[in-house]
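Before any comments, here is the structure.
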Amino acid sequence: LAPWIPVVGLEIHAQISSNSKLFSGSQVQFAAPPNSLVSFFDASLPGTLPVLNRRCVEAAVMTGLALNCSINKKSLFDRKHYFYADLPAGYQITQQRVPIAVNGSLSYSLCVDNKMSQMVTKTVRIKQIQLEQDSGKSLHDDTRSQTLVDLNRAGVGLMEVVMEPDMCCGEEAAAAVRELQLILQTLGSSQAVMAEGQLRVDANVSVHHSGEPYGVRTEVKNINSLRFLAKAVDYEIQRQIEELENGGTILNETRAFDSKLGCTVPMRDKEGKQNYRFMPEPNLPPLILYDAKSLPANMDHQQVVNIDWIHERLPDLPSVKRVKLVERYGILPEHSFALLNEDGLTEFFENVVKQTQMKPKKVIGWILNVLLSYLKQHSLTVKESPVSSVLLADLLNLLEKKEISSTAAKQVLAELWKGEGKTPLEIVKEKKLELIQDQKELEQICQAVIDGQENEVIMMVLG
Amino acid sequence: QAATVAVLDHLEQLALVDFRDTEGVERLRKAIQFADQLQEVNTEGVEPMDSVLEDRCLYLREDDVTEGNCTNELLKNAKEKVEEYFVAPPGNIPLPKLEERETFLKGS
């Protein structure tokens with residue numbers, strides 16, 4: 001049997017981190033009273049017009065540059081028509097013909113065979129990034145056979161990032177999205193929290209045999225976490241393989257991931273192929289971006305988005321941060337991944353290193369193996385840690401000066417975790433954990449132990 | 001594409017328009033005829049223009065909160081509401097197929 005080659009592409013919608021919406025001045029905020037963050041334009045009342053938010057344009061340019069895209073100095077807005085209760089205008093304003101950024105790439109890393117020490121770098125091509133409006137939210141009330149609509153989210157700015165089908169499994173998809181999430185959070189263009197709907201991922205999955213054309217693809221929606229993304233993609237790959245091996249065919253359909261059952265199911269309310277009747281948005285002229293060369297002399301600078309200006313101000317991306325950590329502290333690449341993977345952990349590590357004589361290579365063990373497991377066990381973030389970087393540095397200094405043993409240090413940490421306000425030194429004195437340095441005292445203790453266990457000693461000496 | 005019954009039925013479904021009667025369909029056919037005159041112009045090598053605004057500057061707004069907080073006013077337009085939510089049917093109600101619709105197109 002010829003092996004199946006799975007092909008996975010992703011469409012990712014990231015909510016732009018801005019005060020107001022893409023085309024209106026209503027506020028962007030999670031969890032507010034229903035329909036309180038809605039302007040007349042958002043509700044699609046007649047006579048209202050879209051006005052583009054400069055911050056959203058800058059966010060898209062930043063993201064495009066971070067993903068190595070070509071920024072289109074002229075991009076266009078279009079209308080995508082479909083009927084749904086949470087889309088009051090009956091169309092979404094998007095960028096279908098000429099989006100703001102195209103042809104980029106994203107590099108991400110994977111552990112080979114789950115071993116952190118063997119990491120491999122993969123790349124996925126970014127087809128494009130486009131600006132578009134988010135829709136409102138529908139709450140389905142099946143008991144009363146109705147849908148409740150909240151338009152607070154309608155019109156919030158989104159960046160749709162389209163990743164080419166360069167991935168082959170759930171693990172790759174999740175790793176790519178994770179890296180994108182870290183990049184967006186570093187740039188500040190999106191907070192990208194999946195649980196709050198700020199980052200939504202749809203997966204396009206198909207399988208084929210080597211040498212043959214790509215198979216029919218399905219679209220999988222309703223994926224709410226990275227873990228579920230990997231599960232959904234892997235399930236769908238398996239489902240398609242089994243279907244084809246049993247002589248069946250794959251329908252070009254949209255499926256929803258059911259997290260409880262761990263499977264994908266056909267989605268209701270998607271009647272056949274949609275015809276979106278794309279047309280240019282007549283109320284918006286082309287979006288023109290400038291760079292140092294093309295900057296017009298007399299323009300109001302508030303009306304100018306300068307690509308070069310934004311490029312100069314990009315922060316260090318995660319990949320650059322990791323290299324710098326390895327170079328500066330002599331830690332391993334997989335350590336740098338672990339540090340960046342937990343919000344605030346890098347800062348914590350660097351603060352401890354600043355305040356202790358212990359070498360960073362040793363400190364990293366305490367951060368990743370000890371502190372991090374405590375945090376995970378108690379479901380705490382780094383910011384919520386009862387042990388501050390100061391306290392941990394104090395403790396590590398005691399260990400470094402050989403005033404306590406490694407085992408004792410772990411005991412002290414367990415006490416510090418209780419957050420009772422005691423210092424490491426106080427705990428050491430309280431529990432008498434100091435290492436005994438006096439030779440004579442040590443001899444006395446050993447002799448006492450031997451004297452108390454005469455039989456065992458004889459057995460040992462006899463071999 | 002000729003304005004055949006199949007095309008008109010498709011348009012009615014996509015755009016939820018109702019051509020209503022022969023007069024309506026005839027008006028559509030005349031509009032298509034009128035627009036077809038565009039084909040007589042040689043546009044080879046000419047960039048399509050999709051907006052007369054193409055030379056205008058797209059105005060960029062500052063990212064300030066200036067609107068919203070008018071829940072009551074918006075809900076005044078709602079036929080039905082539940083606790084500040086708009087009420088809609090459970091899902092899209094698909095337009096019945098041609099045979100089942102009250103459309104004069106059936107007769108064509």
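Each chain gets a letter, A, B and so on, in the order the sequences are listed, and its residues count up from 1.
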Over all atoms of both residues, closest heavy-atom pair of [X] and [Y]:
{"X": "Met299(A)", "Y": "Cys57(B)", "value": "CE-SG, 3.9 Å"}
{"X": "Ser36(A)", "Y": "Thr71(B)", "value": "CA-OG1, 3.4 Å"}
{"X": "Asn19(A)", "Y": "Val65(B)", "value": "O-CG2, 3.5 Å"}
{"X": "Gln303(A)", "Y": "Leu60(B)", "value": "OE1-N, 2.9 Å"}
{"X": "Arg61(B)", "Y": "Ser24(A)", "value": "NH2-O, 2.8 Å"}

### Task
Answer yes if the side chains of Asp63(B) and Ser20(A) hold a donor-acceptor pair under 3.5 Å, and no otherwise.
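The criterion, which ignores hydrogens and geometry beyond distance, is satisfied for Ser20(A) and Asp63(B).
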### Query
Quick one: which of Ile288(A), Val57(A), Leu52(A) gives a side-chain contact (heavy atoms from CB on, under 4.5 Å) with Leu58(B)?
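The option that passes is Leu52(A).
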### Task
Apply the side-chain contact (heavy atoms from CB on, under 4.5 Å) test between Tyr85(B) and each candidate in Leu139(A), Leu151(A), Val149(A); give the one that qualifies.
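Output: one option passes, namely Leu139(A).
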Given heavy-atom pairs under 4.5 angstrom as the criterion, report whether the side chain, backbone, both or neither of [X] touches chain B.
{"X": "Pro282(A)", "value": "backbone"}
{"X": "Ile16(A)", "value": "neither"}
{"X": "Asn283(A)", "value": "backbone"}
{"X": "Tyr91(A)", "value": "neither"}
{"X": "Lys21(A)", "value": "backbone"}
{"X": "Tyr82(A)", "value": "neither"}

### Query
For chain A, which residues of residues 36-48 of chain B have at least one non-hydrogen atom nearer than 4.5 Å to it?
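Under the 4.5 Å heavy-atom cut-off, nothing qualifies.
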Under 4.5 Å between any side-chain heavy atoms of [X] and [Y], yes or no?
{"X": "Cys70(B)", "Y": "Phe40(A)", "answer": "yes"}
{"X": "Phe86(B)", "Y": "Leu148(A)", "answer": "no"}
{"X": "Glu67(B)", "Y": "Gln27(A)", "answer": "no"}
{"X": "Arg144(A)", "Y": "Pro90(B)", "answer": "no"}

### Query
At a heavy-atom separation under 4.5 Å, does Asn77(B) approach chain A through its side chain, its backbone, both, or neither?
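For Asn77(B), the contact with chain A is made by the side chain alone.
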### Message
Report which part of Asp64(B) has an atom under 4.5 Å of a heavy atom belonging to chain A: side chain, backbone, both, or neither.
### Response
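For Asp64(B), the contact with chain A is made by the backbone alone.
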### Message
If you count every heavy atom of other residues, nucleotides or ligands that lies below 6.0 Å from Arg56(B) atom CZ, does the total exceed 12?
### Response
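12 or below, so no.
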#### Entry: NZ (Lys137(A)) with more than 12 external heavy atoms under 6.0 Å
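No, the 6.0 Å shell around NZ holds no more than 12 heavy atoms from other groups.
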### Approximate separation, where rounding is to 0.5 Å, of Asp150(A) CG and Glu83(B) CD
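Result: 12.0 Å between the selected atoms.
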### Task
Select, from Asn53(A), Val51(A), Val305(A), the one with the greatest count of heavy-atom pairs under 4.5 Å involving chain B.
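Of Asn53(A), Val51(A), Val305(A), Asn53(A) has the most heavy-atom pairs under 4.5 Å with chain B.
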### Query
Can you name the residues that form a side-chain hydrogen bond (donor to acceptor under 3.5 Å, both in side chains) with Gln133(A), not counting sequence neighbours?
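Scan of Gln133(A) (side-chain hydrogen bond (donor to acceptor under 3.5 Å, both in side chains), adjacent residues dropped) gives none.
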